[in-house]
Amino acid sequence: MSLLKPTIKTPFHIDFDWWKKNERDWHVFLRSLLCPEHQEAFTEIEEGGIIDWIDPKTAEVKAVDGVQHTLMSHCALLPEFSDSHTAMVEAVFRTFLANGNVPMSADDLARKLERPAETILRTISGPRVYRGLRPYQPSVPDSAKEDTV
């Protein structure tokens, strides 16, 4: 993690690894965000089911959680998923779900949410991590790490 202070141009994302390490009930929370149709569909399905998801922009195949995928590909796209009355952290979190967790800056989020970028940045860049919202740091493949040693 960088020690540099984030700016309104710093990309953020939902760090699902943070969720898994810090929130025991992360899967229960994600299920609570499903639309009624999918809440019913997932009642009998065991949590943690992994599926292959193809990124529509890069065609990269990624292993994702089934509930997470359903949220991102269907439920988060419904108009009632988020509105102007949704609390800031919740609105940012839901925006990342709706865009497939593609990294976005506070500036990008401000345009989508019609809220001030500085307020968004102060909310998501403080010492406390809300809903796993953290600065995006591209992962370096292990082979590239070995080359730098």
Side-chain angles (χ1 to χ4, degrees), residues 1-2 4-141:
M1 180 64 83
S2 173
L4 295 176
K5 184 175 180 177
T7 69
I8 62 169
K9 299 292 184 192
T10 302
F12 283 79
H13 72 136
I14 301 169
D15 182 347
F16 283 104
D17 288 334
W18 178 92
W19 268 89
K20 292 169 188 173
K21 292 175 189 167
N22 293 284
E23 297 291 331
R24 289 188 315 253
D25 296 333
W26 72 277
H27 212 267
V28 172
F29 177 75
L30 288 182
R31 279 181 182 244
S32 75
L33 297 176
L34 292 170
C35 65
E37 170 192 344
H38 283 106
Q39 283 188 9
E40 186 174 323
F42 276 89
T43 55
E44 301 298 320
I45 297 174
E46 192 174 314
E47 75 177 54
I50 302 296
I51 63 169
D52 286 336
W53 175 72
I54 301 170
D55 186 311
K57 291 182 181 171
T58 66
E60 179 183 0
V61 177
K62 299 178 181 179
V64 297
D65 180 277
V67 170
Q68 180 182 335
H69 172 71
T70 300
L71 265 172
M72 293 189 313
S73 63
H74 178 264
C75 307
L77 303 176
L78 298 174
E80 62 271 15
F81 190 71
S82 186
D83 62 27
S84 61
H85 301 293
T86 306
M88 178 74 73
V89 169
E90 193 67 23
V92 170
F93 182 79
R94 289 174 181 230
T95 298
F96 279 114
L97 288 175
N99 83 345
N101 202 25
V102 172
M104 296 173 66
S105 67
D107 209 24
D108 299 328
L109 289 162
R111 283 192 290 282
K112 282 196 171 277
L113 297 173
E114 298 179 357
R115 299 186 189 188
E118 289 294 334
T119 303
I120 293 170
L121 180 64
R122 278 194 309 275
T123 303
I124 65 176
S125 69
R128 181 172 174 194
V129 176
Y130 293 101
R131 301 246 195 269
L133 298 169
R134 298 172 49 126
Y136 175 71
Q137 303 231 323
S139 58
V140 179

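Since this is a predicted model, take the numbers as computed values, not measurements.
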Check: Could you give the distance from OG1 (Thr7) to CD (Glu118), rounded to the nearest 0.5 Å?
Finding: 9.0 Å

Check: How would you list all residue pairs meeting salt bridge (Lys or Arg N to Asp or Glu O under 4.0 Å) that involve residues 93-103, not counting sequence neighbours?
Finding: Glu90-Arg94

Next item on the list: Scan for ring pair (Phe, Tyr, Trp, His ring centres under 6.0 Å) pairs involving residues 70-89, sequence neighbours excluded, and state none if there are none.
Entry: His38-His74

Next item on the list: Check the pair Leu133, Val92 against side-chain contact (heavy atoms from CB on, under 4.5 Å), reporting the backbone distance first and the verdict last.
Entry: CA-CA 8 Å; Leu133 298 169; Val92 170; 3.7 Å; yes

Item checked: Donor-acceptor pair, side chain of Asn101 and main chain of Leu97, under 3.5 angstrom -> no

Notebook entry, point to check: Can you pull the ring pair (Phe, Tyr, Trp, His ring centres under 6.0 Å) pairs that have at least one residue in residues 93-124, sequence neighbours excluded?
Noted result: Trp19-Phe93, Phe29-Phe93

Check: How many angstroms lie between atom NZ of Lys21 and atom CZ of Phe16, to the nearest 0.5 angstrom?
Finding: 14.5 Å

Margin query: Working to the nearest 0.5 angstrom, can you tell me the gap between Gln39 CD and Leu33 CG?
Written below: 8.5 Å

Check: Are the side chain of Arg31 and the backbone N or O of Phe42 linked by a donor-acceptor pair below 3.5 Å?
Finding: yes

Would you list the atom pairs, donor with acceptor, under 3.5 Å between side chains in residues 104-111 and any protein atom, with sequence neighbours excluded?
| from | atom 1 | to | atom 2 | distance (Å) |
| --- | --- | --- | --- | --- |
| Ser105 | OG | Ile8 | O | 3.3 |
| Ser105 | OG | Asp107 | N | 3.3 |
| Ser105 | OG | Asp108 | N | 3.1 |
| Ser105 | OG | Asp108 | OD2 | 3.2 |
| Asp107 | OD2 | Lys9 | NZ | 2.5 |
| Asp108 | OD1 | Arg111 | NH2 | 2.8 |
| Asp108 | OD2 | Ser105 | N | 3.0 |

Note to self: I need the Thr70 OG1 to Leu34 CG distance, nearest 0.5 Å.
What the structure shows: 6.5 Å

Note to self: When you measure from the side chain of Arg115 to the backbone of Ser84, do you find a donor-acceptor pair of N or O atoms at a distance under 3.5 Å?
What the structure shows: yes

Note to self: Does anything in residues 102-126 form a ring pair (Phe, Tyr, Trp, His ring centres under 6.0 Å)? List the pairs, not counting sequence neighbours.
What the structure shows: none

Check: Distance from His13 atom NE2 to Asp15 atom CG, nearest 0.5 Å?
Finding: 4.5 Å

Note to self: Give me the atom names and distance for the closest heavy-atom approach of Phe12 to Pro135.
What the structure shows: CD2-N, 3.4 Å

Next item on the list: Only counting residues at least two apart or in another chain, list the ones meeting ring-ring contact (aromatic ring centres under 6.0 Å, His included) with Tyr130.
Entry: none

Notebook entry, point to check: In Å and rounded to the nearest 0.5 Å, what is the CD1 to OG1 distance from Ile14 to Thr95?
Noted result: 9.0 Å

Check: Who passes side-chain hydrogen bond (donor to acceptor under 3.5 Å, both in side chains) against Asp83, sequence neighbours left out?
Finding: Thr86

Next item on the list: Would you please name every residue forming a salt bridge (charged side-chain N to carboxylate O under 4.0 Å, His left out) with Lys112, sequence neighbours left out?
Entry: none

Next item on the list: Indicate the atoms forming the closest heavy-atom contact of Ser82 with Ala91, along with that distance.
Entry: OG-CA, 4.1 Å

Check: So with a 6.0 Å cut-off around CD of Glu80, is the heavy-atom count from everything else above 12?
Finding: yes

Margin query: Once side-chain contact (heavy atoms from CB on, under 4.5 Å) is applied, do any residues pair with Pro116, and if so which ones, sequence neighbours excluded?
Written below: Thr119

